[in-house]
Each structure stands twice: as structure tokens, then as C-alpha cells.
Amino acid sequence: MANNWIDAAAEADVPEDDVTAVAAGGAELALYSVEGQVYATANLCSHGNARLCDGFLDGYEIECPLHQGKFDIRDGRASCAPATEAVRSYPVKIENGRVYVDLG
Ligand code: FES
């Protein structure tokens with residue numbers, strides 16, 4: 001699949017050790033910054049109607065605010081029940097202080 005790099009945010013707007021939501025290229029994304037590295041996943045939980053940006057980030061795990069399912073922000077895989085299905089994760093690159101997300 002071709003790359004589809006979208007300018008999603010300023011790097012400075014992604015809080016360290018936290019999560020924020022952005023709309024980019026028609027997708028709703030959750031952006032995270034951990035140890036100076038930015039990660040991107042879909043913002044909607046795969047288990048129900050909850051937004052991961054309202055959840056709690058602990059290391060590389062985001063906890064869903066609704067039923068406390070967890071996902072690894074590096075690859076989107078579900079790491080704690082009741083979440084069993086991965087959320088989509090997206091490649092990220094930083095250029096000139098901007099966060100680009102490859103929506104594929
Ligand atoms: S909606 Fe996220 S764990 Fe249920």
C-alpha cells in the first residue's frame with residue numbers, strides 16, 4: 001500500500017507521557033509521546049464506543065476509560081481484557097517539528 005503521510009500535529013502539542021486526540025485525513029487519531037518518541041493509533045476503542053484519548057497512559061499501555069481494556073500504543077495490540085481486538089496503529093515520522101502519520 002502506498003504511503004499517505006498526513007501532517008497531524010505539531011510535535012510540541014503532543015504531551016509527554018500522555019495522550020491527545022487529533023483529526024487528520026478523515027481519521028480520528030490518538031497521539032502519544034513516550035520517551036521522546038511519538039506514536040499514533042486509532043482513537044476509538046476496538047471494544048466499544050470510547051475514546052482512547054480519554055483514557056490513562058501508563059508506559060506504553062493506554063487504558064480505555066470505559067471498561068479498562070488496554071492496548072500497546074506501539075503496535076495497537078490488545079494487552080488486557082475485555083479488549084481482544086487490536087486498534088489500528090500508524091507509522092509516525094517527525095519533520096521540522098511536525099508529526100506526520102502514515103494513514104496508508
Ligand atoms: S470500550 Fe474500551 S474496553 Fe470497552
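Position 1 is the first residue of the sequence; numbering continues from there. Counting convention: from 1, in listed order, for ligands and their atoms alike.
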Next item on the list: Looking only at non-hydrogen atoms, find the nearest pair between Y60 and Y39 and report the distance.
Entry: CE2-OH, 3.6 Å

Next item on the list: Find all atoms of ligand 1 within a distance of less than 4.0 Å from any non-hydrogen atom belonging to L66, and give their numbers and elements.
Entry: 1 (S)

Checklist line | ligand 1-proximal atoms of A83, by part, heavy-atom distance under 4.0 Å | finding: neither

Item checked: Contact summary for A24 and L103, nearest pair of heavy atoms -> O-CD1, 3.5 Å

Item checked: Any pair counted as side-chain hydrogen bond (donor to acceptor under 3.5 Å, both in side chains), so long as it reaches residues 11-22, sequence neighbours left out -> E16-S33

Notebook entry, point to check: For F71 and S79, which heavy atoms make the closest approach, and how far apart are they?
Noted result: N-OG, 3.7 Å

Check: For ligand 1, which atoms, with element, lie under 4.0 Å from some heavy atom of G48?
Finding: 1 (S)

Notebook entry, point to check: Name of the H67 N, O or S atom nearest atom 4 (Fe) of ligand 1?
Noted result: ND1

Checklist line | Heavy-atom side-chain proximity of Y32 to L52 below 4.5 angstrom | finding: yes

Next item on the list: For C45, counting its heavy atoms only, list the atoms of ligand 1 lying under 4.0 Å from any of them.
Entry: 1 (S), 2 (Fe), 3 (S)

Next item on the list: Run the numbers for me: atoms of ligand 1, each under 4.0 Å from some heavy atom of C64, listed by number.
Entry: 1 (S), 2 (Fe), 3 (S)

Check: For atom 4 (Fe) of ligand 1, which N, O or S atom of H47 is at the shortest distance?
Finding: ND1

Next item on the list: Can you see which heavy atom on L29 is nearest to which on N43, and at what distance?
Entry: C-CB, 3.7 Å

Notebook entry, point to check: Quick one: which ligand 1 atoms are inside 4.0 Å of a heavy atom on G69?
Noted result: 3 (S)

